[in-house]
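Please read the structure below before turning to the comments.
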Amino acid sequence: MTPIRRTLQGIFLSCLVSATALSGCAQAQNLNAPPLPSSISGAPGASGAVSSVPDHAATPPIVIPPLPVLSEAQARVEASRLTLLMKKSVSRFTTYTPEQRQRFIRLARAAIASSNTPIDRPQLLMVVDRNPKVQRLCYVLAMPGAAEWETLGGTPVSTGKAGRKFYYITPTGVFINSPDRLGYRALGTKNENGIRGIGAKGMRVWDMGWHNAVKGWRPDHETGDIRLEIHATDPDFLEQRLGHPASEGCIRIPATMNVFMDKNGLLDAQYEQAASYDGRFRALLPKDRTPTPIAGDALVVVDSTEAVQAISSASVGHQPLLNHHEG
């Protein structure tokens, strides 16, 4: 064979091998490719064949169930039912005086309006007055439109304590229990002082996210970010102290209120929706829960002391992150 013929034969074989290899890559890509849209996959090809990929191979869309919407009369009946249940099962529960009830409603309305939080269905708001002389929560039934709001009642709480290093003042504002964050449950472990800081094992912790707060030990009211949570506290040593500022910035509530909120889903409107498609939320929520149809998702922290309003989170604004602290 002459040198020229050997060269031509080598070029031909090289091209043949390259074509075979390219064909194999193309086949692999076709095997791994997602199915074509049904409008294309059912169309005959050059040989008249029809794709064998079924139309149902695509992942079905997530359908989120709508939030329950009661009439005004139905919502008020449900609020009365919950109030009676709390009277029976929640320790230190009270329905407050007429003056106190109106104050909670007035402050809640102002906070909702200033934050542009929509009220498009009858729903519960967890309203906490951080005033050091008040330190109480009250559940408020917020109504859309011009309908009157009403209170159910509540219990003592403890919010952030001033004057102690690394303790933050609980910020004011409207904070949403969003499925963007997954809450958790207490393990019941004790710290070096023998304190179960977030309560007995199994107590729910509602994670309201990172928020700017005043450093309670700083006379210049410098701010930093804290992880705002709602949780129980040590049942043996600290729960009896509720009603006074004591926390590092979070909101401490009685264990019986924690259980009631958890089983009746008072703040879990969006979590119930998330549980329909996300197993993490189904695992967190109690299996024996009976969520109320007037469940909401908003924690509203107010301050009835005019002198303290000047250092609320609404007036200081968000400052550069100087210190992360989980209170």
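This one's a predicted model, so the numbers in the text were calculated from it and none came from an experiment.
Ion pairing between Asp268 and Arg204 holds under the 4.0 Å rule for side-chain N and carboxylate O. Of the charged side-chain nitrogens involved, at least one lies within less than 4.0 Å of a carboxylate oxygen, so that Arg130 and Asp303 count as a salt-bridged pair. Under a 4.0 Å N-O distance rule, the pair Asp288/Lys263 qualifies as a salt bridge. By the 4.0 Å N-to-carboxylate-O rule, Arg196 lies close enough to Asp236 to be salt-bridged with it. A salt bridge does not link Glu150 with Arg101: none of the charged nitrogens is closer than 4.0 Å to a carboxylate oxygen.
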**Request:** Report the C-alpha separation of Val128 and Thr170 in whole Å, then their side-chain angles, then the decisive distance to 0.1 Å, and conclude whether the side chain to side chain contact (heavy atoms under 4.5 Å, CB included) test is met.
**Result:** CA-CA 10 Å; Val128 172; Thr170 304; over 6 Å; no
**Request:** Evaluate side chain to side chain contact (heavy atoms under 4.5 Å, CB included) for Asp262 paired with Arg185, printing each intermediate quantity in order.
**Result:** CA-CA 11 Å; Asp262 192 20; Arg185 294 190 178 276; 2.9 Å; yes
**Item:** Audit row: Arg289, Glu272, salt bridge (charged side-chain N to carboxylate O under 4.0 Å, His left out) steps and yes/no
**Value:** CA-CA 11 Å; Arg289 68 189 184 277; Glu272 284 293 340; 2.5 Å; yes
**Asked** Step by step, would you call Thr151 with Thr83 a side chain to side chain contact (heavy atoms under 4.5 Å, CB included)?
**Response** CA-CA 9 Å; Thr151 62; Thr83 301; over 6 Å; no
**Request:** Go through the steps for Val259 and Met203 under the test side chain to side chain contact (heavy atoms under 4.5 Å, CB included), then give the verdict.
**Result:** CA-CA 7 Å; Val259 172; Met203 289 288 103; 3.6 Å; yes
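Side-chain contact, Asn212 with Asp225: a donor N or O sits under 3.5 Å from an acceptor N or O. Defined by atom type and a distance below 3.5 Å, a donor-acceptor pair is present between the side-chain atoms of Ser304 and Asn131. Of the N and O atoms on the side chains of Ser158 and Gln135, not one donor lies less than 3.5 Å from an acceptor on the other residue. A donor-acceptor contact closer than 3.5 angstrom links the side chains of Ser91 and Thr256. One side chain, Tyr184 or Glu229, offers a donor N or O that lies under 3.5 Å from an acceptor on the other. Under 3.5 Å, the side chains of Gln273 and Ser276 contain no donor-acceptor pair of N or O atoms.
For Tyr167 and Trp217, the gap between ring centers reaches or exceeds 6.0 Å.
Looking only at distances, no side-chain donor or acceptor of Gln102 sits under 3.5 Å from a matching main-chain atom of Glu99.
Scanning all heavy atoms of the two residues, the minimum distance from Arg136 to Val157 falls at N-CG2, 3.7 Å. The shortest non-hydrogen separation linking Thr305 to Pro132 is OG1-CD, 4.3 Å. Contact between Ala75 and Pro122 at its shortest, heavy atoms only, is CB-CB, 3.5 Å. Heavy atoms only, all atoms of each residue included: Val140 and Ile105 are closest at CG1-CG1, 4.3 Å.
Around CZ of Arg282, the count of heavy atoms belonging to other residues, nucleotides or ligands within 6.0 Å exceeds 12. For Arg241, the CZ atom sits in a loose shell: 12 or fewer heavy atoms of surrounding residues, nucleotides or ligands are nearer than 6.0 Å.
Remark: Met208 CE to Arg227 CZ distance equals 11.0 Å, nearest 0.5 Å. Note that OG1 of Thr155 and OH of Tyr139 are 9.0 Å apart. Values are rounded to the nearest 0.5 Å. The distance from atom SG of Cys138 to atom CZ of Arg103, rounded to the nearest 0.5 Å, is 10.0 Å. Taking CG of Asp207 as the reference point, atom CG of Asn177 lies at 8.5 Å (rounded to 0.5 Å). Between atom CG of residue Asn264 and atom CD of residue Glu78 there is a gap of 8.0 Å, rounded to the nearest 0.5 Å. For the atom pair NZ of Lys88 and CZ of Phe260, the computed distance is 11.0 Å after rounding to the nearest 0.5 Å.
Within the 4.5 Å cutoff, the side chain of Trp149 has heavy atoms near those of the Leu125 side chain. Put simply, the side chain of Met261 reaches to within 4.5 Å of the side chain of Ile253, judged on heavy atoms. Here the side chains of Phe93 and Ser89 are not in contact, with every heavy-atom distance at 4.5 Å or above.
Placement of Leu238 and Val90 in two distinct hydrophobic clusters is found when ILVMFWY residues are connected by side-chain heavy-atom separations under 4.5 Å, directly or transitively. A chain of hydrophobic side-chain contacts below 4.5 Å, direct or via other Ile, Leu, Val, Met, Phe, Trp or Tyr residues, connects Leu152 to Val302. Cluster membership for Val174 and Tyr271, using ILVMFWY side-chain heavy atoms within less than 4.5 angstrom, is not shared.
The side chain to side chain contact (heavy atoms under 4.5 Å, CB included) with Met143 is formed by just one residue from the set Gln123, Arg76, Glu148; it is Arg76.
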